[in-house]
Amino acid sequence: MIGRLQPIIVIAASSGSLDPLKQIVSALPIPCPASVFIVRHVGPHQSVLPALLGVLTDLPVMHAEDGMLIESGHVYVAPPDRHMRLEMDRIRLDQGLLTLRPISHQQSAILRG
């Protein structure tokens, strides 16, 4: 549960990232004390990333759903064309509506789909 400051791993990736993602997921310890969140920029295209990564680990790998409870030892993949946020112990998905506050160049690159 994130509310109790459980460890998290957040990965933002783009095209060409499949092999590194496979390496990372296959190297995660079992059991894994952290929750893992992956956002891969694929636009509106269908994503089979959870299936591709799930065969490499005994950890549950799934597309995140809005309102889903965060659990340690799970790998959550943002669905296509969605941004994923963490709110306390839940996952929130949206279509990437950005706040009006300025963001850094690095954040801008990560948020672009």
Tell me whether L53 shares a hydrophobic cluster with I8, the cluster being built from Ile, Leu, Val, Met, Phe, Trp, Tyr side chains joined at under 4.5 Å.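 No, L53 does not connect to I8 through the hydrophobic network.
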Applying the 4.5 Å side-chain criterion to the ILVMFWY set and letting contacts propagate, would V36 and L59 be lumped into a single cluster? yes
Atom pair CD1 (I38) and CD1 (I9), whose distance is rounded to the nearest 0.5 Å: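 Rounded to the nearest 0.5 Å, the CD1-CD1 separation comes to 9.5 Å.
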Please tabulate, one pair per line, all N/O donor-acceptor pairs under 3.5 Å involving side-chain atoms of residues 18-33, not counting sequence neighbours.
from: S26; atom 1: OG; to: K22; atom 2: O; distance (Å): 3.0
from: S26; atom 1: OG; to: Q23; atom 2: O; distance (Å): 3.1

For G54 and V61, which heavy atoms make the closest approach, and how far apart are they?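 Shortest heavy-atom contact: CA-CG2, 3.9 Å.
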Check the pair Q6 / S72 against side-chain contact (heavy atoms from CB on, under 4.5 Å), numbers first and verdict last. CA-CA 7 Å; Q6 297 269 350; S72 296; 3.1 Å; yes
Are the side chains of P79 and H63 in touch, meaning some heavy atoms are under 4.5 Å apart?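 Contact flag for P79/H63 side chains = yes.
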Are the side chains of Q95 and H83 in touch, meaning some heavy atoms are under 4.5 Å apart? no
Are any side-chain N or O atoms of S47 and backbone N or O atoms of P80, one a donor and one an acceptor, separated by less than 3.5 Å? no
What residues form a side chain to side chain contact (heavy atoms under 4.5 Å, CB included) with R92, not counting sequence neighbours?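 Listed in chain order: D66, R85, E87, R90.
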Got a sec, which residues hit side chain to side chain contact (heavy atoms under 4.5 Å, CB included) with I91, two or more places apart in sequence or on another chain? F37, A64, M68, I70, Y76, M84, L86, L93
Of all residues at least two apart in sequence or in a different chain, which pass the side-chain hydrogen bond (donor to acceptor under 3.5 Å, both in side chains) check with S17? R40
According to salt bridge (charged side-chain N to carboxylate O under 4.0 Å, His left out), who are the partners of D58, at least two apart in sequence or on a separate chain? none
